[in-house]
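Order of listing sets the numbers, starting from 1, for every ligand and every atom in it.
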Amino acid sequence: MDHKLILGHYFSEDAQLDIELFGNGLIHKTYLLSKNNLPHYILQQVNTAVFKQPDAISNNLEKLEFFLREKNIPLFFPLPLKTLTGEYHLSMNEMVLRLTAFEPDSHSIDSCNNPNQAYSAAFQFGKFTAAFDGLDTKQLQPTIPDFHNLTYRWKQFNDALENGDKSRIQFADKQIKYLFENKNIVDRYEYISSSPLFSQRVTHHDTKINNVLFDEKGDGLCVIDLDTVMSGLSISDLGDMFRTYLSPATEEELDLEKVFVRKAYFTAIVEGYLEKMAGQLSVDERDAIPFAGEFLIYMQALRFLTDFINNDVYYGISYELNNYNRTVNQLHLLNSYRKTID
Ligand code: GN1
Ligand code: MG
């Protein structure tokens with residue numbers, strides 16, 4: 001990564017920054033740029049196999065920014081810096097890159113360790129969606145078409161069962177059966193996604209805790225990582241918060257005794273989100289809050305298993321059975337969720 005060459009597209013003088021790998025996302029490559037050991041910028045190489053139209057991301061950012069400016073709504077989130085030619089991203093040597101200022105006195109956390117953090121994060125994601133009330137979401141382009149479309153994910157899974165690695169299909173027999181036995185989750189999603197009682201809103205679609213910045217006191221500052229912001233349903237953002245904050249251990253955990261749902265965190269997420277969104281949700285959307293977790297955890301298990309059967313073409317893996325073990329982990333979480341949340 002020749003960061004000096006990249007920075008030449010942003011600054012007219014040498015910014016003298018050191019570069020190191022940063023974070024643990026599965027999709028993009030992320031780097032921290034520092035000067036005298038002080039963080040200055042985040043540089044990301046966008047995964048263009050996943051985000052096939054990076055222009056859609058930039059267009060959406062322009063639309064969001066314009067809406068807030070026009071309506072004078074004071075919502076803060078870090079936008080990428082514009083290049084010297086005025087673009088939110090830089091296309092160079094077949095790479096798509098973007099540079100974002102590192103927010104001073106902010107930090108992110110990789111796991112949710114008390115219900116206050118869950119509350120603060122949910123408050124931030126609720127605040128984000130609520131701020132765009134009135135924006136016609138048809139203006140936003142899908143940055144990943146059908147990203148949280150469970151009908152489509154179900155189809156991809158079935159395609160994988162037809163065309164994927166036979167020995168892996170056999171190996172995952174038990175998990176495949178379990179997903180089929182719980183197909184009613186797909187059916188309920190289909191009802192919700194076609195019902196006028198469930199609105200399309202500006203939805204983040206990646207509400208894990210490390211996509212929230214916290215200040216020194218531990219209060220939420222803002223949400224980050226806006227690649228997947230597009231039109232969507234409230235069950236997506238709530239669901240991914242449930243999936244990623246309720247268990248003390250992440251999707252990588254192999255010891256399943258550590259993977260379980262903490263009810264107090266569920267309550268905190270709902271309270272934080274509703275603090276900002278209560279006025280906007282329909283009765284049916286509120287009633288579907290517990291379903292959000294089932295929907296998202298099930299979909300993630302389906303996506304991990306689909307990728308396992310397709311020989312790991314999508315998610316980054318660190319060892320051979322990584323995607324399989326993630327699936328087992330998520331199905332275990334789904335069970336615990338169903339026992340704990342009604
Ligand atoms: C991916 O890269 P990361 O960790 O932000 C994925 C999410 C999954 C998550 C599972 C664009 O997100 O949908 O929930 O992995 N993002 C994309 O860890 O596919
Ligand atoms: Mg992300």
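Note: an N/O pair closer than 3.5 Å links Gln300 and ligand 1 by distance alone. Looking at Phe147 next to ligand 1, no N or O pair under 3.5 Å apart turns up. Considering backbone and side-chain N/O of Lys208, one or more are found under 3.5 Å from N/O of ligand 1.
Between Asp307 and Arg303, no side-chain nitrogen of the basic residue sits less than 4.0 Å from a carboxylate oxygen of the acidic one, so the salt-bridge criterion is not met.
In the displayed structure, Lys138 atom NZ is contacted under 6.0 Å by at most 12 heavy atoms of other residues, nucleotides or ligands.
Aromatic ring pairs are classed by plane angle as parallel below 30°, tilted from 30° to 60° and perpendicular above 60°; the pair Phe132 and Phe67 is tilted.
Taking every non-hydrogen atom of Asp206 and a distance limit under 4.0 Å, the qualifying atoms of ligand 1 come out as 5 (O). Here is the list of ligand 1 atoms found below 4.0 Å of a heavy atom in Tyr314: 11 (C), 17 (C), 19 (O). Of all the atoms in ligand 1, the ones that sit under 4.0 Å from a non-hydrogen atom of Ile144 are 11 (C).
Listed by first and then second residue, the ring pair (Phe, Tyr, Trp, His ring centres under 6.0 Å) pairs involving residues 91-119 amount to none (not counting sequence neighbours).
Neither the backbone nor the side chain of His205 has any atom closer than 4.0 Å to an atom of ligand 1 (non-hydrogen atoms only).
Ranked by closest heavy atom to atom 18 (O) of ligand 1, the top entry among Glu251, His28, Arg326, Arg243 is Glu251.
Both tests hold for Arg262 against Tyr265: distance to the six-membered ring centre under 6.0 Å, angle to the ring axis within 45°.
Not counting sequence neighbours, the partners of Tyr315 by the ring pair (Phe, Tyr, Trp, His ring centres under 6.0 Å) test are Phe304.
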